[in-house]
Amino acid sequence: MRWTLTSFLALLVLSCSLWQSACASVLAIDYGSDWIKASLMKPGVPFDVLLNKDSKRKIQSSVAWKKDDRLFGGDAANIAARFPTDSFSSLKYLQGVPYDSKAPAFFATISQAELHETARGTIGVTRSDGTQWAAEELIAMQLGYVKALAEALAGEPVHDAVLAVPPFYTQFERDAVADALAIAGLRTLALVNDGTAVAVNYAMTRAFAAPEYHVIYDAGASATRATVVRLESTLDPQSKAPVTQIEVKGVGYDRNTGGTELDRRLHEVLVDAFIAKHKRDVRTDKRGMAKLWKEAGRVKTILSANSEAVATVESAAFDLDFKAKVTRAQFEKACADLKGGFVQPIWDALAQADLTLDNITSVILTGGSSRTPMVQAAVRAAVGEDLIAQNVNADEAAVLGAALYGASLSRQFKTKDIRVSDISMHDIQVSYFSSPPSDAAPTPRTISSVLFPAGSKLGSKKTLTFRRGEDFSLWLDYTKVISPGFPRELFEARVEGVAEALGTLAERGAVDPVVKVTVALSESGFVAVKEAVAYGEIKEESLTGKLKSLFGVGTSSTEEEVDSQTPSTTDETAAESSPVATTPPKKEKKVSAKDLEELSTIALNVKTVFSSLPPYTVEEKKASRERLRSIDAQEAAKVMREEALNTLETYLYRLRDNLDDGAQSPFQKCSTAVERKAIAEKLAETREWLNDGGESAETTELWQKRHALEALERPITYRYTEIQEFPATLNSSQKWNWATRVFLTDARANMTADAAAGVPSKWTAEELDGLEEALKEHEVWLNEGVEKQKRTGMNENPAIATAEMKARAGRLEQHLQRLVKRKAPKPPKKAKGKNGKSKESGEEPEGTERRKGHDEL
Ligand SMILES: *[C@@H]1O[C@H](CO)[C@@H](O)[C@H](O)[C@H]1NC(C)=O
Ligand SMILES: *[C@@H]1O[C@H](CO)[C@@H](O)[C@H](O)[C@H]1NC(C)=O
Ligand SMILES: *[C@@H]1O[C@H](CO)[C@@H](O)[C@H](O)[C@H]1NC(C)=O
């Protein structure tokens with residue numbers, strides 16, 4: 001049976017809502033160079049793309065400052081022409097990238113932002129006021145903005161995030177993504193390659209009778225990639241439950257070909273046209289360049305559907321208007337050399353998968369640039385019209401797929417069982433010295449071998465075995481420079497405490513001890529040294545006498561699971577431990593194989609040292625997080641102050657109007673001349689205060705000013721609301737009087753009848769008298785109050801408050817209800833035996849209840 005999307009979504013929501021408390025929300029984000037898309041997985045919230053405050057399904061990847069106001073999304077991008085050095089877009093180009101690369105030079109051609117090198121050797125921006133931000137911090141602000149949107153929807157804090165990233169991202173870039181998430185206050189649940197995420201979304205609603213291969217083609221803003229996936233529906237070998245296998249077989253990419261490059265070429269066309277026409281170099285004018293950049297984006301969109309477009313920018317630069325006709329042919333000529341870059345990833349991905357187009361069921365197009373006619377044409381020509389998947393909305397597929405992937409990881413959502421197997425893109429090698437340097441061989445040989453060749457399965461581990469007597473290091477590196485300016489070096493892992501551990505093992509009688517180091521390539525694509533141990537097999541016979549006698553239960557090593565995705569934390573969690581026997585000697589204790597294995601293994605400390613482009617340290621992350629928090633707090637305080645000022649001003653206007661109203665207005669009728677004079681004076685005083693700089697006063701002071709006026713107005717409002725509420729309240733009070741009177745008459749009649757018939761009655765005479773007393777008291781109080789009220793003017797405080805009327809009527813009502821609800825006593829029964837006490841005991845509770853009822857009066 002084919003799953004329909006709706007039935008699947010319904011199941012998803014339903015199955016989790018059964019144990020909601022255990023379900024935490026998962027936020028999925030597709031952070032693109034141009035657009036951010038996000039999706040929230042939360043029980044009870046329909047699974048969909050997150051909407052921004054304007055109900056848009058995607059948010060422009062921009063952050064900007066308009067003087068002191070920080071803006072996001074379209075608001076931020078739109079002010080680039082006015083504040084070219086305070087509006088930041090396309091920051092994905094700078095994520096985790098060394099300053100010493102071609103990125104800054106390229107970025108200068110697409111943005112007017114002022115770049116600098118950060119202390120970590122990465123790229124930061126300098127605002128017009130001189131404040132500096134690392135690219136990761138600016139990205140974190142945007143992630144924080146998305147987090148706030150998600151939290152508003154979820155109605156609770158959101159902590160866990162899954163990010164879709166390009167498959168070719170290096171460890172440096174993956175670190176930068178995780179760092180930005182941490183700075184935004186989010187935990188990295190996983191990074192998922194974007195092509196893989198699209199495949200997850202595609203497979204979620206389909207079944208595959210036979211294995212199928214598909215190409216996910218993604219022409220994004222900053223890069224183009226193709227992912228070949230194998231999709232198959234099978235049964236779990238054990239449980240026989242249906243499982244969908246998603247296996248990435250090959251990936252091809254071009255980091256320099258994408259939509260932004262097309263924009264850049266078109267921008268160049270406009271810049272050249274401007275220079276040709278006006279003989280002035282617009283390149284020297286930041287605002288002008290930013291205006292033409294915006295126009296290039298608009299013209300590109302027009303050229304997608306038309307063969308020509310007119311670029312027009314009023315006062316583009318030097319007070320000169322710009323107008324030029326651009327044809328699609330002209331645009332395509334400027335981009336002619338990019339065609340190959342758009343198509344080659346498909347061939348590369350197929351080659352890595354060892355497949356041809358004959359094996360492919362469909363090519364799924366995604367990414368904004370795959371809609372550009374030139375790119376469409378190139379891809380269609382390459383793969384053939386028939387292979388292009390129709391009716392697949394892949395635009396939001398990456399973020400939805402990432403959310404589904406996150407849901408499958410968190411195991412809290414019951415989704416279709418999908419098993420994802422992804423691969424790495426870059427060869428990773430391990431290097432170490434052949435042996436420790438000695439006098440005989442002062443320069444040891446460096447041995448390098450490829451540990452995880454490109455195409456290695458993510459989530460795999462390799463264990464290396466060394467014969468070493470002393471501490472030593474491993475170096476994990478890429479075998480080649482992945483992008484110009486990027487370092488090859490990832491990190492050094494220092495294995496510490498070797499000599500001591502080996503000594504301990506020798507004491508235990510271990511033979512031939514070695515050091516084993518486990519290197520892992522995580523599901524999120526991070527390489528890390530997970531664990532190092534000294535190991536020497538201990539045969540029972542070889543246990544030395546002393547150890548044997550000491551040895552008992554409770555000797556276990558305290559190795560901890562190293563769980564973080566990034567190697568930066570390995571040093572914190574890999575605990576050094578040497579088992580120490582603490583239990584008293586137990587001579588006859590038999591040593592189990594498991595105990596022996598534990599005794600044979602001693603965990604070593606691994607210290608990770610970053611040499612080239614380090615991820616943020618814990619302290620750096622904390623500092624950046626604080627920095628972001630403090631502007632968030634400042635902005636919140638500012639919003640609050642503005643609100644307080646607005647409320648005060650609005651209130652002053654309303655009071656003014658009230659004072660100016662005619663004599664018949666409620667305000668005038670309910671106030672005295674003295675009161676109005678006091679308010680008028682206070683109002684004038686507050687107005688004056690506002691004009692004399694009060695407008696910039698603190699929030700609390702603004703509140704105080706309003707409260708002072710409200711205190712003067714309150715008696716008037718009170719009188720008015722009392723007058724409004726009085727008739728209905730009186731009606732209600734009288735209603736209870738009437739109901740009580742009717743009840744008493746009725747009940748007394750019944751009592752008389754009961755007495756005549758010789759049956760017990762529901763009430764005692766005292767109870768009914770008590771109620772009548774309460775009724776009379778209430779009637780007297782009410783009548784007196786009403787009489788006084790008649791003589792009270794509208795601008796005087798009421799003689800009788802509705803709150804008290806309600807309270808008194810309520811008490812009477814309760815009293816009445818207690819008697820109305822009284823159950824009829826059971827008619828006297830014949831004693832069933834025993835000693836004839838059943839009648840008495842049968843009445844006992846009744847009597848108790850009655851007394852209790854009285855006591856409450
Ligand atoms: C790919 O197609 C070729 C030619 O049709 C075929 O021989 C081969 O078995 C196919 N490979 C797979 C993995 O299906
Ligand atoms: C008082 O109650 C009666 C009956 O419930 C209703 O018809 C009448 O409009 C009420 N009067 C006021 C002033 O609420
Ligand atoms: C009085 O008795 C009649 C007839 O049994 C009954 O309908 C009515 O509810 C009783 N009145 C009260 C106040 O219990």
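Whatever order the structure lists them in is the order used to number ligands and atoms, beginning at 1. Just so you know, these numbers come straight off a predicted model, no measurement behind them.
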Check your understanding: If you measure from CZ on Phe526 to OG1 on Thr188, what distance do you get to the nearest 0.5 Å?
Key -> 6.5 Å
Check your understanding: How far is atom 12 (C) of ligand 1 from its nearest protein heavy atom, and which residue and atom name does that atom have?
Key -> Asn359 ND2, 3.4 Å
**Study point:** Per-atom contacts of ligand 3 with Phe743, taking only distances under 4.0 Å to non-hydrogen atoms
**Key:** 13 (C)
**Study point:** Lys/Arg cation over aromatic Phe208: Arg206, 6.0 Å, 45° cone
**Key:** no
Practice item. Considering non-hydrogen atoms only, spot the tightest contact between Lys92 and Gly32 and give its length. Key: CD-C, 3.8 Å
Check your understanding: Counting only non-hydrogen atoms of the protein, does one fall under 4.0 Å from atom 4 (C) of ligand 3?
Key -> no
Practice item. Report the relative orientation of the aromatic rings in Phe486 and Phe172; use parallel for angles under 30°, tilted for 30 to 60°, perpendicular for over 60°. Key: tilted
Exercise for review: Please write down residue, atom name and distance for the protein heavy atom closest to atom 9 (O) of ligand 3.
Suggested key: Asp746 OD2, 4.5 Å
Review point. So with a 6.0 Å cut-off around NZ of Lys462, is the heavy-atom count from everything else above 12?
Key: yes
Practice item. Show which atoms of ligand 1 fall inside a sub-4.0 Å distance from at least one heavy-atom site of Tyr213. Key: 13 (C)
Check your understanding: What about Asn750: any of its N or O atoms under 3.5 Å from an N or O on ligand 3?
Key -> yes
**Study point:** atom 7 (O) of ligand 3 touched by protein (heavy atom, under 4.0 Å)
**Key:** no
Point to revise | Polar proximity ligand 1 side, Thr356 side, N/O cut 3.5 Å exclusive | key: no
Point to revise | Closer than 4.0 Å: a protein non-hydrogen atom to atom 14 (O) of ligand 3 | key: yes
Study note, to complete from the structure: So NZ of Lys240 and OG1 of Thr234: to nearest 0.5 Å the spacing works out to 10.5 Å
Study note, to complete from the structure: One finds that the ligand 3 atoms under 4.0 Å from a non-hydrogen atom of Lys762 are 14 (O)
Point to revise | Spatial distance of atom CG (Leu400) from atom CE (Met41) [nearest 0.5 Å] | key: 8.5 Å
